[in-house]
Structures are given as structure tokens and as C-alpha cells.
Amino acid sequence: MINTMECGVDAQSLISISLRKIHNSRTQRGGIKLHKNLLVSFVLRNARQVYMNEKYAEIYRMQQYEEVMTVCNEIQELNPLELAEDCEEQTGECCGSGAGTESASLCGALLPSSNQAAQPALLQTSACASALSLRADEGCKETDSSFYRSCCAEAYPVSNCEFSPVNSMHCNKTTVLDLDTHVVTTVENGYLHQDCCASLQHCCQGAQTPAKKRKVDFGYYVSEIEEVPDFTPCKRTKYEDCSYANSDHLDTSNISNLISIFGSGFSGLVSRQTDFEQAFNGQFCSKQALASLGAWTRAIVAF
Amino acid sequence: MAGVGGGNDFQWCFSQVKGAIDEDVAEADIISTVEFNYSGDLLATGDKGGRVVIFQREQESKNRPLSRGEYNVYSTFQSHEPEFDYLKSLEIEEKINKIRWLPQQNAAHFLLSTNDKTIKLWKISERDKRAEGYNLKDEDGRLRDPFRITSLRVPVLMPMDLMVEASPRRIFANAHTYHINSISVNSDHETYLSADDLRINLWHLEITDRSFNIVDIKPANMEELTEVITAAECHPHQCNVFVYSSSKGTIRLCDMRASALCDRHSKFFEEPEDPSSRSFFSEIISSISDVKFSHSGRYMMTRDYLSVKVWDLNMENRPVETYQVHEYLRSKLCSLYENDCIFDKFECCWNGSDSAIMTGSYNNFFRMFDRNTRRDITLEASRENSKPRAILKPRKVCTGGKRKKDEISVDSLDFNKKILHTAWHPKENVIAVAATNNLYIFQDKIN
């Protein structure tokens with residue numbers, strides 16, 4: 001590990017200085033000094049190493065930032081109030097007694113227009129599914145949830161357990177809204193539903209409205225995405241097939257894979273793609289997951 | 001035998017300074033090598049202009065018992081001229097890289113001098129007699145008409161003013177593709193080696209049209225080059241042993257009895273690098289610029305940019321002694337890289353008894369280390385301290401905090417005044433220090 005602290009010059013300057021020295025050596029009297037140029041090349045290599053490390057770190061940070069900003073921009077285009085009303089309705093209808101108020105308040109808390117400065121990327125949908133991916137399992141692992149939320153903003157310190165009344169059926173639910181397709185997907189017990197609103201269609205009508213608005217946009221995106229293999233957005237039917245076929249074998253670890261993939265953006269996706277495919281028995285589900293990334297795919301194509 | 005000063009038994013005094021006083025230094029006058037001969041009576045310097053100047057020590061005279069013999073100019077000659085390699089379109093500098101004396105075998109003196117490509121054997125001889133009374137020549141040298149000669153006479157030798165002649169006796173050329181950095185006369189007094197960046201050749205002093213290549217580290221693909229040879233020296237007593245140092249901070253000892261091509265070393269000396277001190281310039285400062293055997297042949301000394309190390313030939317994994325020359329420069333490596341000072345090649349030398357070592361630094365400072373007492377001293381070669389027999393005051397570099405009186409701060413050091421070449425008399429406490437275009441001679445104070 002090269003200690004750069006003592007050096008007052010950054011790696012880039014050293015690179016340019018070194019290149020200048022090499023260039024000047026060509027016109028020096030007596031011919032090129034092999035020893036000196038060799039030593040200069042070592043400095044060049046060291047500086048390049050440090051520079052590349054810094055660059056990679058910067059690119060990774062920029063990538064994260066771009067993805068986050070992209071999603072945030074999309075969020076801002078949606079009408080938060082509309083979604084809040086839907087959410088309340090859905091809460092009331094779907095979640096039974098006693099839970100509505102809680103859910104509503106929760107929904108309110110989760111709305112982008114609330115006091116939270118930076119809002120999470122993925123939003124409110126139906127009451128059956130929380131707006132954010134609340135990965136509720138036995139352990140109430142907040143870290144994964146917060147990781148998921150943190151793709152756009154700071155994590156919400158929301159305990160999963162609060163939602164247990166909302167998720168009246170199971171604790172192990174994760175809901176994702178694809179900002180491009182506006183397909184709401186719920187992962188329950190590691191089992192990927194196509195859409196929680198498939199069974200509760202009316203709950204999601206409100207949420208679908210924005211989807212209609214953005215249909216055209218998505219069509220545009222689709223054409224871009226087609227250039228990239230594996231990122232073909234999958235149709236719902238296939239999604240269903242995939243989900244139903246693997247109902248019995250999946251555990252919550254797959255959810256965490258999904259969440260972490262979503263959270264870590266493209267680079268995370270690439271690294272975990274194999275695991276993900278294995279988790280879903282190498283089915284189309286990887287493509288599904290990739291397609292669901294929405295903003296991620298745009299970032300990927302742009303890359 | 002010799003202390004390094006600072007104690008109560010030894011002090012260095014100014015003796016002489018040779019060279020111009022002008023501030024405006026001509027590049028050609030910059031001294032590039034300094035070497036005493038085996039007896040110490042002769043001191044040779046080479047400069048960037050290709051000239052060799054030899055000083056001879058005057059015999060101690062009874063008239064001036066307090067002053068040791070002074071060194072006066074004995075001979076000056078142009079050893080190398082600038083050349084141009086037309087095939088490669090390269091100019092070959094005339095700068096004298098190294099001078100090495102041969103042991104004296106008769107009245108004449110012989111030395112080897114080398115530039116980047118060619119080694120020359122010079123004979124320096126005296127002429128104090130001249131033949132007079134030639135039959136075919138007039139006194140002024142004009143040829144006589146043979147038909148006009150009526151009688152014959154035997155020429156007689158007449159005394160004349162002493163004339164020192166230097167004549168090239170051998171020219172060893174076309175054996176080095178890369179720049180020669182070292183020459184070293186073998187203890188057999190018949191052979192010598194010459195080293196360039198990638199190869200070492202063994203020559204016989206009498207044969208100029210061929211040499212034996214004994215080390216070749218040139219890789220098959222030059223893009224794989226990772227180190228070069230920086231210095232080489234023959235063992236002072238064992239004519240089959242030599243060492244060469246590399247730019248990676250390693251030293252290889254080779255035995256010519258083992259094989260004709262000594263690519264495989266017999267011993268490999270390397271000190272492991274401290275990973276915590278790794279920086280952009282680690283490779284540069286670890287490159288060895290000089291290697292010298294002790295007179296005893298038991299030890300060798302290496303100089304890298306910041307330190308001097310003494311190695312026991314029987315221990316390869318680390319040096320037995322390490323002396324920091326100017327550690328305060330470690331934090332300045334960036335600046336020194338920008339102004340190219342980090343590439344300066346400092347030499348080092350032993351005293352006659354191997355009890356002390358000396359090397360140069362910046363600001364015309366030079367450092368001496370006593371191996372027995374572990375004391376060290378920093379002295380300065382400057383015209384200000386150039387009164388005859390003036391005692392040299394130890395200098396100190398302030399590395400931080402409040403600067404004391406007579407100390408000099410690191411930022412005030414003049415990096416254009418560098419002492420790269422020093423030499424120690426083989427028997428006495430007389431040292432020669434080359435400071436740019438001036439040669440300083442110091443000796444111990446006569447008690």
C-alpha cells in the first residue's frame with residue numbers, strides 16, 4: 001500500500017511530471033538514460049496505481065449517486081398527494097380493523113412530501129404492501145430494509161414489527177414498486193408475487209394511474225434496454241410463472257439478495273447475479289429482477 | 001587510526017582547494033570522478049568536459065614540517081572527446097564517469113578512464129631528459145639533407161624541465177551498448193571489469209579487440225525490464241570474485257570459477273523493505289548508487305539515496321550497519337523528484353583502515369561515520385572555511401522546531417551544491433572532496 005500522505009503532490013501531477021521527464025530524456029545529451037527512465041517508470045506505475053484506485057472509488061461513488069439521483073428525480077415527478085390518498089384507501093380496505101389508522105399514519109410518514117428531507121426511492125402502493133421494502137422476518141432485520149431505502153436517501157428507522165398488523169397475512173413481505181413499469185411486486189416468504197394487487201386489484205388502481213402516464217416513457221426505455229441482454233423487461237405472465245413455480249423452496253435470504261441487488265445498483269447486480277439466478281433455480285427470475293430495476297437499467301444502458 | 005571528529009583526538013582541517021572561484025560554473029568543469037592511486041601520492045579527477053587532471057603530492061620538505069605535502073597539478077590531458085554514433089543517431093558524452101588507477105609496476109603510472117562507451121588506458125610518464133645531437137635532425141627538428149652530413153655523432157641525453165606526458169596506450173571500445181557506470185581493476189593486475197546498465201564485461205589489459213561478457217541481465221523482452229546494474233567492483237584480494245549492485249537495492253556477489261557466465265549469483269544481499277514506509281519513490285531511493293569493498297575484503301558498503309549500509313559478506317539477509325546520511329530529506333522526496341535531485345548518484349568510500357566511511361550530501365555537506373564509536377560528523381566544503389589549516393566546524397541540519405544558532409534548516413539547503421564524489425587517501429587522513437567544479441582537500445590536524 002503506497003503511503004501518499006507524505007507527498008505534497010497528487011498522483012495525477014506525478015503522472016504528468018513523470019511523463020514530461022520521459023519526454024525530455026529523449027532530447028537529452030548522451031542518449032536516453034535507461035536507469036533513470038526505469039526509475040521514472042516505477043514512479044509512474046505507483047502514481048497510476050493510486051490514481052486508478054481513487055478513480056474507481058470515485059466512479060463507484062458517482063454511480064451510486066447517479067442512480068440515487070435518477071430515482072429521486074422520478075419520485076419528484078409523481079404526485080405525492082395522490083399516492084397518499086390511495087394509500088389511505090388501501091389501508092382501510094385491505095388491512096382490516098384497527099390497522100388503518102396505523103397504516104395511514106405510517107403511509108403518511110413514508111410519503112415523500114412529509115418532513116423527511118430526502119425521500120426513499122420506492123413508494124407507497126397498497127396497504128397490503130408497505131411502500132418501502134420492509135423486510136420483516138423473525139429477526140426484524142432493519143439493516144436490509146434500511147439498505148434498500150438508502151439507495152435514495154437515509155434509511156428510515158422504521159421497525160418492521162410495526163407493520164405486522166398491516167401485513168396481516170405474513171410478516172415476511174417485501175414490496176417493490178417499479179418506477180418505470182409501475183408494477184408492484186411483493187415478495188412474500190421469499191416468494192415473488194407478481195403483484196400484491198393482483199389479488200386486490202382495486203387497491204392498486206390508484207397506483208396504476210401514474211403508470212399510465214409514464215407508459216410512453218417506458219416504451220422509450222424498453223428500446224434502450226433491448227440492446228442490453230438479460231435486461232429485457234419481462235411480461236407479467238412470465239413473472240407469475242416464475243413466482244408460482246418456486247413457491248416452496250425459497251427463503252428470506254433470497255429476499256435479501258434481491259434487496260441488496262436493488263440497493264447496490266449495477267455493480268451489486270453484476271456481482272450477485274449468479275447467486276440470484278441460483279437462488280431462483282436459474283429461471284427467468286433474474287431477468288425479472290433485473291427488469292424491475294427500472295432506474296437501474298437506465299443507468300446501466302447509459303453506462 | 002582515524003576518528004571522525006567531534007571528539008578530543010581528531011579534527012579535520014582545510015588544506016587546499018583547486019578550481020575556479022567564479023560563481024558561473026561551466027558545465028565542462030564539473031568534476032565527475034575523484035580517485036587516489038594506490039600510494040596516495042597521485043590524485044586524479046575527471047570532469048564533464050572529458051578532461052583528466054592529475055595532482056601529485058609534494059614531498060614533505062624539511063623547511064615546512066608543519067604542513068603535509070600539498071597536491072599540485074601533475075598532468076592534464078583530454079581523455080575523451082564528444083562522439084557521435086551515426087548508426088543510432090546518438091551523441092556520446094565525453095564526461096569521465098570513472099577513473100581507476102593500476103598498481104604501479106615501473107616508473108610510469110597507468111590509469112583507466114571511461115566515458116559512457118569507451119574505456120582508455122593511459123600511461124602517465126615523466127620526461128626529464130632530452131636527447132640532443134641527432135644526425136638527421138637539427139636542434140629545432142628540421143630534417144637535414146643526408147648528403148650534407150660529413151660526420152656522425154652519438155646523441156647525448158641532456159637534462160630538461162620535467163615534462164609529464166600522458167599517452168593513450170589502449171582503447172577498449174565497442175563493447176557496451178548501454179552506458180558504462182563502473183570499471184574495476186582486478187587484483188591479478190591483468191584484467192579488469194566494466195559494467196553498463198545491463199552487462200558486465202571482463203577485459204584483459206593487453207587485449208582491446210575482445211572482452212568476455214560475464215553478466216547479462218538484459219531480458220528477452222525489454223518491456224519486462226525491472227532492474228539495471230548500477231555499480232560493480234572486483235574483490236580486493238580474490239581475483240575470481242566481484243559484486244554488482246542493482247537499481248532494486250540488491251547486491252549480487254559472483255564467483256567466476258562457478259561458470260563462465262555469472263548470471264547466477266553466489267550470494268544475494270538484500271534487506272527486506274519496510275512496507276509501512278512505501279511511497280511513490282520507494283524504488284528510486286532504494287536504488288544503489290555505489291558499492292565499495294572494504295580494504296580487508298571482509299565487508300562491502302553500499303550507498304542508496306538516503307543511507308549508507310555496511311554488509312558483511314557472510315551475511316546476506318541484512319546489512320550489519322546502516323547510517324542515515326540525510327534522513328530529513330525523506331519528507332522532501334516529491335520536490336527532489338521534480339528537480340531531479342532524487343536521481344543523484346552519491347558515492348562512498350572507506351578510510352585506509354576501514355574504521356570510517358565517508359559520503360556526500362547537499363549544500364556541499366559531506367558526512368563521515370566512525371564505525372567503532374558510532375559517531376558521525378557533518379562537514380562543509382566551502383570557500384568560507386578555506387584558510388590554511390582552518391579547523392572545520394561540524395555542521396548540523398535543523399529538522400524541525402526551533403533552529404539553533406549555526407544550524408541550517410532543511411529548506412535553506414542548496415540542492416545545486418552537491419557532493420557526489422569523495423576519496424580517502426589509502427593510508428593517511430587526507431580526503432578529497434569534489435564540490436561541483438572545485439576540489440577540496442582536507443587533512444587531519446597535526447597535533
Side-chain angles (χ1 to χ4, degrees), chain A residues 1-66 264 267 271 303, chain B residues 27 48 82-85 88-95 97 115-117 177-179 181 196-198 218 222-223 225-231 246-248 274-289 305 330-340 342-345:
Chain A
M1 190 65 183
I2 293 171
N3 180 10
T4 59
M5 295 298 291
E6 291 180 353
C7 187
V9 181
D10 65 337
Q12 202 166 354
S13 304
L14 267 184
I15 289 172
S16 61
I17 291 169
S18 303
L19 291 174
R20 201 181 332 130
K21 285 187 192 297
I22 292 175
H23 176 76
N24 290 341
S25 73
R26 297 183 177 193
T27 53
Q28 270 175 358
R29 203 166 162 252
I32 296 175
K33 304 276 190 294
L34 185 63
H35 183 200
K36 182 179 177 184
N37 280 280
L38 182 68
L39 296 177
V40 170
S41 73
F42 280 126
V43 176
L44 198 57
R45 181 199 68 179
N46 293 339
R48 179 181 169 272
Q49 197 179 335
V50 170
Y51 177 76
M52 294 301 286
N53 289 342
E54 290 172 358
K55 210 66 183 170
Y56 282 137
E58 191 188 326
I59 287 171
Y60 183 72
R61 280 195 301 273
M62 285 300 297
Q63 200 177 353
Q64 295 262 303
Y65 178 73
E66 275 178 17
S264 57
S267 55
S271 60
F303 239 61
Chain B
E27 171 109 2
K48 282 195 174 184
E83 291 175 52
F84 195 80
D85 185 335
K88 298 177 185 173
S89 295
L90 286 177
E91 189 179 4
I92 301 168
E93 278 189 284
E94 66 278 26
K95 174 170 79 84
N97 292 334
N115 68 348
D116 285 340
K117 298 289 185 185
T177 308
Y178 301 94
H179 295 115
N181 51 58
D196 65 24
D197 291 325
L198 297 178
K218 183 180 177 184
M222 277 298 275
E223 290 178 0
L225 181 72
T226 56
E227 64 179 330
V228 296
I229 298 169
T230 54
S246 83
S247 55
K248 276 190 173 178
D274 177 14
S276 65
S277 65
R278 183 135 177 77
S279 75
F280 288 116
F281 312 105
S282 294
E283 287 84 1
I284 300 186
I285 63 171
S286 65
S287 174
I288 292 175
S289 53
Y305 190 65
R330 192 180 285 274
S331 57
K332 309 283 180 193
L333 293 180
C334 236
S335 315
L336 295 168
Y337 179 72
E338 288 184 61
N339 63 17
D340 272 2
I342 205 173
F343 300 105
D344 288 335
K345 294 180 186 177

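Residue numbering restarts at 1 for every chain, and letters A, B, ... go by the order of the sequence lines. Bear in mind that the values here come from a model prediction, so they are computed numbers and not experimental data.
- Each of B/N181, B/N115, B/D116 was checked for a side chain to side chain donor-acceptor pair (under 3.5 Å) with B/N97, and the lone residue meeting it is B/D116.
- Heavy atoms closer than 4.5 Å to chain A are found in the side chain of B/S287, but not in its backbone.
- Using a 4.5 Å cut-off between heavy atoms, B/T230 contacts chain A through its side chain alone, with no backbone atom that close.
- Considering only residues two or more places apart in sequence or on other chains, B/D340 meets the side-chain hydrogen bond (donor to acceptor under 3.5 Å, both in side chains) condition with A/K21, A/K36.
- Contacts of A/L38 with chain B are made by side-chain atoms alone, with heavy-atom separations under 4.5 Å and no backbone atom involved.
- Applying the ring-ring contact (aromatic ring centres under 6.0 Å, His included) test to B/Y305 and every residue at least two apart in sequence or in another chain returns B/H326.
- Between A/R29 and B/E94, at least one side-chain N (NZ, or NE/NH1/NH2) sits under 4.0 Å from a carboxylate O, which counts as a salt bridge.
- At a 4.5 Å heavy-atom cutoff, the contact between A/R45 and chain B is made by side-chain atoms alone.
- Most heavy-atom pairs under 4.5 Å with chain B, from the set A/I17, A/I32, A/N46: that is A/N46.
- Of the atoms belonging to B/I229, not a single heavy atom falls under 4.5 Å from chain A.
- Counting heavy atoms from C-beta on, the side chains of B/L198 and B/L225 come closer than 4.5 Å.
- Among B/D85, B/T226, B/I92, the residue with the largest count of heavy-atom pairs under 4.5 Å with chain A is B/T226.
- Neither the backbone nor the side chain of A/L44 comes within less than 4.5 Å of any heavy atom in chain B.
- Proximity to chain B (any heavy atom under 4.5 Å) is shown, for A/S18, by both the backbone and the side chain.
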